Every structure is written in C-alpha cells, then in structure tokens.
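One structure below.
Remember, predicted model here, so these are calculated numbers, not experimental data. Counting from 1, the numbers follow the sequence of the chain as shown.
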Amino acid sequence: MRGQGSSRIETGRLILRHFRDEDLATFYAYRNDPEVARYQSWERISEREARFFIEEMQEAQPGTPGEWFQFAIELKEGAALIGDCALKISAEPPYQGEIGYTLAREHQGRGLASEAIRALLDYSFSELQLHRVVASADCENTRSLALMERVGMRREGHFLQSMWFKGRWSDDCMYAILRDEWQEKKRMKDEG
C-alpha cells in the first residue's frame with residue numbers, strides 16, 4: 001500500500017534501490033555534469049547538498065503520498081551507480097504519480113533509462129496500484145520525449161512558454177499513461 005512500497009526493484013541489468021553513502025562521489029559527479037543538467041531544474045549542486053540529498057533519501061520511503069522518492073539506479077554488472085529515477089504520489093487523491101529520471105552521460109544511449117522507467121512504471125501500477133502516472137520534460141529535450149514514448153506513455157499536452165527555465169521561457173511537454181493502458185501493453189508484449 002502507499003508509503004509501504006518496496007525500496008528495491010530489479011530488472012535484467014539494473015537494481016533500483018535506496019541511496020547509500022558510497023554513492024556520493026558518483027552522484028555528485030553526474031549531477032554536476034553540464035550536459036546532464038542541461039534540461040534539469042539544477043545547474044550544479046555542492047558536495048554538502050549532495051550529501052544531504054543522499055541522507056534524506058536514505059530515510060525516505062517510496063509510495064509516501066505528497067513526497068518525492070528518488071531511487072538510485074545501479075548497474076548490476078559492477079554494482080555501479082549510473083543515475084536515479086523519482087516517483088511522487090499525489091497527496092490527494094493518492095492514486096496518481098509523477099516520475100522523473102537522470103542518467104550519467106556515460107550510461108546514456110544504451111536503453112538503461114528505458115529499462116529503469118519501465119520498472120518504475122510497473123512498480124507504480126502493480127505494487128502501489130496507481131491509476132495514472134505522468135512525466136514532463138522541456139520540449140527541446142528530444143531524447144527524454146523519445147524515452148517517454150518508447151516506454152508507452154502518450155503526449156497529452158504541449159504547453160507554450162509555460163516555464164521560466166534557466167533564464168528563458170521554455171515549452172513543457174506532458175506525457176501520461178493509465179494503469180489499464182500499461183497492463184494492456186504488458187499483456188500484448190507477453191503474448192507477442
């Protein structure tokens with residue numbers, strides 16, 4: 001149930017888990033990579049902010065309504081941190097969620113983010129029993145838009161100059177998927 005979700009999800013190549021103290025150096029490095037931060041809400045973070053974030057996520061529980069939970073994305077081969085993905089469940093009513101994701105540059109382009117997001121969507125709909133999950137991205141972030149479409153989300157909106165972002169107005173693209181749609185996509189994949 002909400003607030004009681006598992007904090008470990010496994011896929012073929014990945015483990016989504018709580019952050020650990022030893023993740024600090026890698027987390028700090030990719031969160032300060034200008035290419036990784038290009039379409040994110042931050043430019044860079046200090047080591048103190050990174051440490052605080054990791055400590056905060058160590059205490060947090062996935063599925064808590066109204067709060068973001070950030071899963072560390074670990075590559076099974078070599079047990080390396082490669083990024084993070086987030087889930088926030090609406091406070092009222094607690095049946096809708098929002099997701100986000102960040103992957104270190106050297107791990108992009110290999111289908112790892114898609115694998116992590118598929119696992120997060122499956123978790124959201126099966127374990128947490130959410131009805132709907134949304135995600136948004138700057139409309140210029142074509143790689144992120146392609147990822148959302150690749151995992152089966154549909155574009156529901158293109159909001160013109162809706163965000164003041166890094167010194168300019170930018171368009172925001174909104175994507176979503178319903179639990180019934182996700183289950184149907186999984187069923188078709190299993191049968192195909």
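The side-chain hydrogen bond (donor to acceptor under 3.5 Å, both in side chains) test with E181 is passed by exactly one of R132, R154, K186: R154.
Placement of L103 and L75 within a single hydrophobic cluster is found when ILVMFWY residues are connected by side-chain heavy-atom separations under 4.5 Å, directly or transitively. When the side chains of ILVMFWY residues are joined at heavy-atom separations under 4.5 Å, either directly or via intervening members, Y95 and L178 end up in two distinct hydrophobic clusters. Grouping the Ile, Leu, Val, Met, Phe, Trp and Tyr side chains by contacts below 4.5 angstrom, directly or via other members, places L112 apart from I15.
Annotation for F52: atom CZ does not count as buried by contact number, only 12 or fewer foreign heavy atoms lying within 6.0 Å.
Within the 4.5 Å cutoff, the side chain of L87 has heavy atoms near those of the L128 side chain. Annotation: side chain of Q183 is not in contact with side chain of F125 (no heavy-atom distance under 4.5 Å). Here the side chains of E10 and E74 are not in contact, with every heavy-atom distance at 4.5 Å or above. The shortest side-chain heavy-atom distance between N32 and I45 falls under the 4.5 Å cut-off. Contact check for R150 versus I117: no side-chain heavy atoms found under the 4.5 Å cut-off. In this structure, E149 and Y175 have side chains that are in contact, with non-hydrogen atoms separated by less than 4.5 Å. At least one side-chain heavy atom of V36 sits less than 4.5 Å from a side-chain heavy atom of Q108. Considering only heavy atoms from C-beta on, S170 stays 4.5 Å or farther from E140 through its side chain.
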Self-check item: Derivation and outcome, side chain to side chain contact (heavy atoms under 4.5 Å, CB included), residues L81 and E22
Solution: CA-CA 9 Å; L81 176 70; E22 58 266 26; over 6 Å; no
Quiz item: What's the verdict on side chain to side chain contact (heavy atoms under 4.5 Å, CB included) for F27 and E47, showing C-alpha distance, side-chain angles and the deciding distance?
Solution: CA-CA 9 Å; F27 178 75; E47 185 175 331; over 6 Å; no
Quiz prompt | Step-by-step side chain to side chain contact (heavy atoms under 4.5 Å, CB included) determination, Y101 to L120 | solution = CA-CA 10 Å; Y101 39 87; L120 187 58; over 6 Å; no
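The pair R187-E184 meets the salt-bridge criterion, since a charged nitrogen lies less than 4.0 angstrom from a carboxylate oxygen. For the pair R31 and E49, the salt-bridge criterion is not met [side-chain N within less than 4.0 Å of a carboxylate O].
Remark: side-chain polar atoms of H107 are not paired, donor with acceptor, to backbone N or O of A113 under 3.5 angstrom. Between the side chain of Q129 and the backbone N or O of S126 there is at least one donor-acceptor pair closer than 3.5 Å.
Donor-acceptor pairing under 3.5 Å is lacking for the side chains of E106 and Y30.
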